[in-house]
Every structure is written in C-alpha cells, then in structure tokens.
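Encoded as structure tokens, the structure appears first; notes follow it.
Ligands are counted one by one from 1 in listed order, and the atoms in each one are counted from 1 as well. This structure is a prediction, so every number in the text was calculated from the model and none was measured.
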Amino acid sequence: MKAICVREFGGPEVLKLEDMPDPRPAQSGQVLIRVKAAGVNPYDTYMRAGGYGARNPALPYTPGSDAAGVVESAGADVDLKAGDRVYTIGTITGAYAELALCRSSQVQALPARVSFSQGAGVFIPYATAYRALFQVARTKPGETVLVHGASGGVGVAAVQFASAAGIKIIGSAGSNEGLELIKTEGAQHTVNHSSPDYQKQILDLTNGRGVDVIVEMLANVNLGHDLKMLAPRGRVVVVGSRGSVEINPRDLMTREGAVLGMVIWDVPDAEAAQIHAALQAGLGNGTLRPVIASELPLASAPEAHRRIMESGARGKIVLIP
Ligand code: NAP
C-alpha cells in the first residue's frame, strides 16, 4: 500500500509517500480499514517534529489518528463487517495510508449523512470540543462562551456543540473567510483576533460583564488577556498552547475565576463513553457537521502540515489516499 512514512523527526519534508507492506488482516479484536480520508491535526505536526519526549512514536512510523473509510476485514469477535462505513479514534498503524489497522475500540460507525472527508474531521476536533465545553468547563445553556480560535477544527466543533446546547457564542478568527464560517455555523457574534481592539469589543458585547467560558486555542498568546475578559466565576479551558505566558493572578482572584487544562488522550473511560454517545447523536441528527477546508492527495502531506500551522483556518484539512 501507499502510506506516508516518517523515518526521522523534523520539518514537513520528512513526510514521505512510500510503498509499504499492507498491514496484516484484522485478528481478534481488530479492524482493518480502507482509508478514504485522513484528518490532519496540529498534534500530527508536533509529533512529526519529535516534540513529545517520551510519547514520541518509535521510528519509522505513519502519522495520523483520524481516518474515515470502509471496513476491509474484522476479527471474528468484532461486530463489524466488510464494507461498513467507519471513522477512527486512533489507529495501530497510522491514518495517513491506504489501509489502517485498528483495535475494535478505536472504530465507530460513520452515519450515512456524513461524508468520508467529514468523518476524518470528527474525532480529535469534536471530542476535544465536547470535553472542553461540557466535561471541563461545565458550560450551561444560557451562558456565554468565547471560542477563541473558532475557525479551525476544534473551534468549528465547539461552535456547533454550543449552538445546539443554547449557549451564546462569541467566536474569533483571523480572516474574513474564517469569520463568515463561524457565523454560518452558529456564532451570534464574531471578532477578529488580529484586530487591536478585539478584547474591548468582547467586553462591549457583554455590556462589560465578560464571558462565562473561554475555550482557548492559543493560551501562550492570550491567557493574560483572557482573564480580564472573564465574568465572575468564569472559566478558561486551555485547549492549545505553544509556549509560556505571563498572567496576573489578581485577575482570577477578583472574579473567583479558574484556568483549567485538558488533553484528549487521557480521558477516563466513563467520560470517553459520554463523548462517543454525544458524537454519534450529533453526527446522526445533523447538529455536528465537520467543515472541510481542503482535500489534498496523500502525497501532499508536507503541504498539509505547512498549511495547518498558518493563519486563515476555515475548517479541516484532509488527505485523500
Ligand atoms: P487548527 O484547525 O489549525 O485551528 C487553529 C485555530 O487557532 C484557528 O481557528 C486559528 O484562527 C486560531 N488562532 C490563530 N491565532 C490565534 C490567536 N492569536 N488567538 C486565538 N486563536 C488563534 O487547529 P485545531 O485542530 O482547531 O486545534 C487548535 C489548538 O488546539 C492547537 O494548538 C492544537 O494543538 C490544540 N489541540 C489540543 C487538544 C488537547 O487535547 N488539548 C486537542 C486538539 C487540539 P485563524 O486561522 O482564523 O487565525
């Protein structure tokens, strides 16, 4: 099969399309998937660069955790059959490939109304958005959330979840296309996070009170300012951060605010089950609709990794084997 292979950690150029042996047919407890689309996540780029220390994969490896496709074969004890449409929540052999071997627990049914490209944009973005909004920040209907970085994979997912739950949404983006997208997906208000006065705009939109919850995609840039935009007992959930930041703890004290971290790879089983139930329901009834910014051939994985680190997001970048 064709697959992307990383033989050394480094820049996007280390992503090479190679002829690799097919994974073995699915054994007990496994599913082999013919991949129709693979989602590109920022996390894939950090891993490719070797930035995860003890969590770095053994070399060589095939990147990617989010794939959608059809079952090629399934272990006798697995309740799936060849041809079933599925999406993955991680794989054993890597998603940037024509075939991906998975544990059966890593495979979910893909509802008929969701395309394969959309299916490749489900797991990391939507599970992260759900956990941040509901399990970590415990956002309630009627509260106001700032989705700080709403135009990318996690942001669009957070806007759709919040919109369906009756949460008021202010979404930020850095381009006109991004701002239009988040309005279409359900944000009542949008602000451009590259505009010098956007924090004042947010305070004005809330009559000076501030927002109850901030889902933060770039905490190293924004956290210090976020605390000044929080309503009393407001919560910031740090979803993304690429460095350190200075904050004034007094901004938290005076609001009895909280800063909460989250990571999608260590979710307790019971909460993971809640996430999967919410994703299945939302994909099935159409409230969750992954937005595809671009579909690139598998060989363009280096270009996809460059693009995802640039500003101007408008949904997901996916690779088509
Ligand atoms: P993405 O699709 O690349 O989107 C990035 C988002 O960040 C875009 O909306 C972008 O907006 C926005 N952004 C850029 N500059 C910003 C700024 N100054 N302030 C606020 N937002 C800004 O990435 P993603 O998949 O949504 O992931 C977002 C972040 O969360 C990444 O850092 C990722 O690594 C992290 N993440 C963490 C977890 C976890 O488990 N904790 C899980 C998934 C993702 P424009 O492009 O419109 O400027």
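Compare W265, Y46, Y43 by their heavy atoms: the one nearest to atom 32 (O) of ligand 1 is in Y46. The closest non-hydrogen atom to atom 11 (O) of ligand 1, taken over G149, S151, S172, comes from S151. Between R131, H193, E177, it is H193 that holds the heavy atom closest to atom 14 (C) of ligand 1.
The atoms of ligand 1 that sit less than 4.0 Å from any heavy atom of A313 are 8 (C), 45 (P), 46 (O), 47 (O). In summary, the atoms of ligand 1 found under 4.0 Å from a heavy atom of T128, numbered by their order in the structure, are 38 (C), 42 (C), 43 (C). Near G240, meaning under 4.0 Å from any of its heavy atoms, are these atoms of ligand 1: 30 (O), 32 (O), 35 (C). Atoms of ligand 1 lying under 4.0 Å from any heavy atom of G174, numbered from 1 in the order shown and given with element: 45 (P), 47 (O), 48 (O). For ligand 1, the atoms lying closer than 4.0 Å to a non-hydrogen atom of V154 are 24 (P), 25 (O), 26 (O), 27 (O), 43 (C), 44 (C). Of all atoms in ligand 1, numbered sequentially from 1 with element shown, those under 4.0 Å from a heavy atom of A150 are 9 (O). Taking a cut-off of under 4.0 Å to the non-hydrogen atoms of I124, the atoms of ligand 1 that pass are 43 (C). Residue contact check: S311 has heavy atoms under 4.0 Å from atoms 45 (P), 46 (O), 48 (O) of ligand 1.
Residue V238 has no nitrogen or oxygen atom sitting less than 3.5 Å from a nitrogen or oxygen atom of ligand 1, judged on distance alone.
In terms of protein heavy-atom proximity, atom 7 (O) of ligand 1 is closest to M217 CB, 4.0 Å. Of all protein heavy atoms, the one lying nearest to atom 2 (O) of ligand 1 is G153 N, 2.9 Å. The protein heavy-atom contact nearest to atom 23 (O) of ligand 1 is P42 CG, 3.3 Å. Looking only at protein heavy atoms, the nearest one to atom 4 (O) of ligand 1 is G152 CA, 3.4 Å. The protein heavy atom nearest to atom 40 (O) of ligand 1 is I264 N, 2.8 Å. At the top of the distance list for atom 37 (C) of ligand 1, counting protein heavy atoms only, stands V239 O, 2.9 Å.
In N222, the part holding a heavy atom less than 4.0 Å from any atom of ligand 1 is the side chain. Of all the heavy atoms of H148, the ones lying under 4.0 Å from any atom of ligand 1 are found in both the backbone and the side chain. Contact annotation: for L218 versus ligand 1, heavy atoms closer than 4.0 Å belong to the side chain alone. Residue-level proximity to ligand 1 for R242 is carried by the side chain, the only part with a heavy atom below 4.0 angstrom. The parts of A173 lying near ligand 1 are both backbone and side chain, judged by heavy-atom distances below 4.0 Å.
Formation of a donor-acceptor pair under 3.5 Å by the R289 side chain with backbone atoms of G286 is found in this model. Side chain of D66 to main chain of I124: a donor-acceptor pair is present (N/O by atom type, distance under 3.5 Å, no hydrogens or angles). Looking only at distances, a side-chain donor or acceptor of D22 sits under 3.5 Å from a matching main-chain atom of M1. Under the 3.5 Å distance criterion, the side-chain polar atoms of R131 are left unmatched by any main-chain donor or acceptor of I264.
E177 has no carboxylate O lying under 4.0 Å from a charged side-chain N of R314, or vice versa, which leaves the two without a salt bridge. One finds no salt bridge joining E98 and K2 here, because no Lys/Arg side-chain nitrogen approaches an Asp/Glu carboxylate oxygen to under 4.0 Å.
Residue contacts with ligand 1: G312 is included, with a non-hydrogen atom under 4.0 Å away.
Taking CG of L252 as the reference point, atom CG of L230 lies at 7.0 Å (rounded to 0.5 Å). One distance of note links OG of S117 with NZ of K36; it measures 11.5 Å at 0.5 Å rounding.
For Y130 and H276, the gap between ring centers reaches or exceeds 6.0 Å.
Side-chain contact, N248 with K228: no donor N or O sits under 3.5 Å from an acceptor N or O.
In this structure, Y198 and H193 have perpendicular ring planes: the angle between them is above 60°, well past the 30° mark. Between Y52 and W265, the ring planes are perpendicular. Angles over 60° get that label, and only those under 30° would be called parallel.
Counting heavy atoms from C-beta on, the side chains of I169 and H189 never come closer than 4.5 Å. I170 places a side-chain heavy atom less than 4.5 Å from the side chain of L205.
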